[in-house]
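Taking it in order: structure first as structure tokens, then the write-up.
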Amino acid sequence: QVQLVESGGGSVQAGDSLSLSCVASTSTFDRYAMGWFRQAPGKEREFVAALSPNGGTTSYADSVKGRFTIVRDNAKKTVFLQMKSLRPEDTAIYYCAQHASVWPTQRGDEYDSWGQGTQVTVSS
């Protein structure tokens, strides 16, 4: 079982930037797509961003396009979510996940390993 550990969450003001990291404990990190999801209080988990094993293909939720960037460093087994122009509605627990294949899809049920999450709180 892959272990994924997120970090970088915190409390910021609207308009600020924040960068999340997720480190994987697997030697096969570079074989699978990775994604970020989030869950706000009282809401269902939603897709945020995903990218292919080599980082060449990315996918974003409409709500974060142009503000968030997902990148990965396969040598460090790390995937990042760079967030800018944060809004109060971005407040949520953010989870990274490893896909079961190379495709950076938006379906959470296609990801088979999940981190424990990191809290992001954006105040107005």
Side-chain angles (χ1 to χ4, degrees):
Q1 183 73 13
V2 177
Q3 287 191 325
L4 302 171
V5 179
E6 302 97 333
S7 63
S11 296
V12 297
Q13 297 291 316
D16 285 351
S17 300
L18 204 58
S19 184
L20 306 182
S21 301
C22 172
V23 180
S25 67
T26 173
S27 60
T28 59
F29 177 78
D30 59 354
R31 298 182 188 178
Y32 300 99
M34 295 294 296
W36 284 95
F37 292 77
R38 67 187 182 187
Q39 187 167 20
K43 295 187 177 181
E44 293 187 355
R45 182 184 64 196
E46 65 175 359
F47 169 78
V48 176
L51 81 172
S52 58
N54 67 359
T57 300
T58 56
S59 177
Y60 294 93
D62 288 343
S63 59
V64 306
K65 278 182 182 176
R67 301 188 300 121
F68 290 12
T69 303
I70 185 171
V71 295
R72 66 192 295 164
D73 184 335
N74 286 339
K76 296 182 178 179
K77 302 177 185 178
T78 303
V79 60
F80 304 91
L81 185 67
Q82 300 166 342
M83 306 182 293
K84 64 178 182 180
S85 302
L86 283 162
R87 304 167 180 170
E89 53 264 39
D90 295 318
T91 295
I93 298 175
Y94 284 71
Y95 300 91
C96 75
Q98 180 176 284
H99 201 280
S101 77
V102 302
W103 309 111
T105 65
Q106 300 189 7
R107 289 183 53 171
D109 61 358
E110 294 178 353
Y111 291 77
D112 57 9
S113 295
W114 294 80
Q116 82 289 347
T118 186
Q119 177 72 47
V120 173
T121 302
V122 185
S123 303
S124 58

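Here the side chain of Asn74 pairs no donor or acceptor atom with the backbone of Phe29 at under 3.5 angstrom. A distance-only check finds no donor-acceptor pair linking the side chain of Tyr60 to the backbone of Gly66 [under 3.5 Å]. Formation of a donor-acceptor pair under 3.5 Å by the Arg67 side chain with backbone atoms of Ser85 is found in this model. Under a 3.5 Å cut-off, the side chain of Tyr32 and the backbone N or O of Tyr111 do not form any donor-acceptor pair. No donor-acceptor pair under 3.5 Å is formed between the side chain of Thr57 and the backbone N or O of Ser52.
Following chains of ILVMFWY side-chain contacts shorter than 4.5 Å, one cannot reach Phe80 starting from Trp114, and the two form parts of different hydrophobic clusters.
The shortest distance between side-chain heavy atoms of Ile70 and Val79 falls below 4.5 Å.
Side-chain contact, Ser101 with Glu110: no donor N or O sits under 3.5 Å from an acceptor N or O.
Comment: Arg87 does not engage Asp90 in a salt bridge, judged by the lack of any side-chain N to carboxylate O separation of less than 4.0 angstrom.
Sorted by first and then second residue, the disulfide (SG to SG under 2.5 Å) pairs involving residues 20-124 (not counting sequence neighbours) are Cys22-Cys96. Listed by first and then second residue, the side chain to side chain donor-acceptor pair (under 3.5 Å) pairs that reach into residues 115-124 are Glu6-Gln116, Gln119-Thr121, sequence neighbours excluded.
The structure places CD of Gln3 at 12.5 Å from CD of Gln98, a figure rounded to the nearest 0.5 Å. Rounding to the nearest 0.5 Å gives a distance of 13.5 Å between CZ of Arg45 and CZ of Arg38. Between the NZ atom in Lys77 and the CE atom in Met34 there is a gap of 12.0 Å [rounded to 0.5 Å].
Classification of the Tyr94-Phe68 ring pair by plane angle, with boundaries at 30° and 60°, yields tilted.
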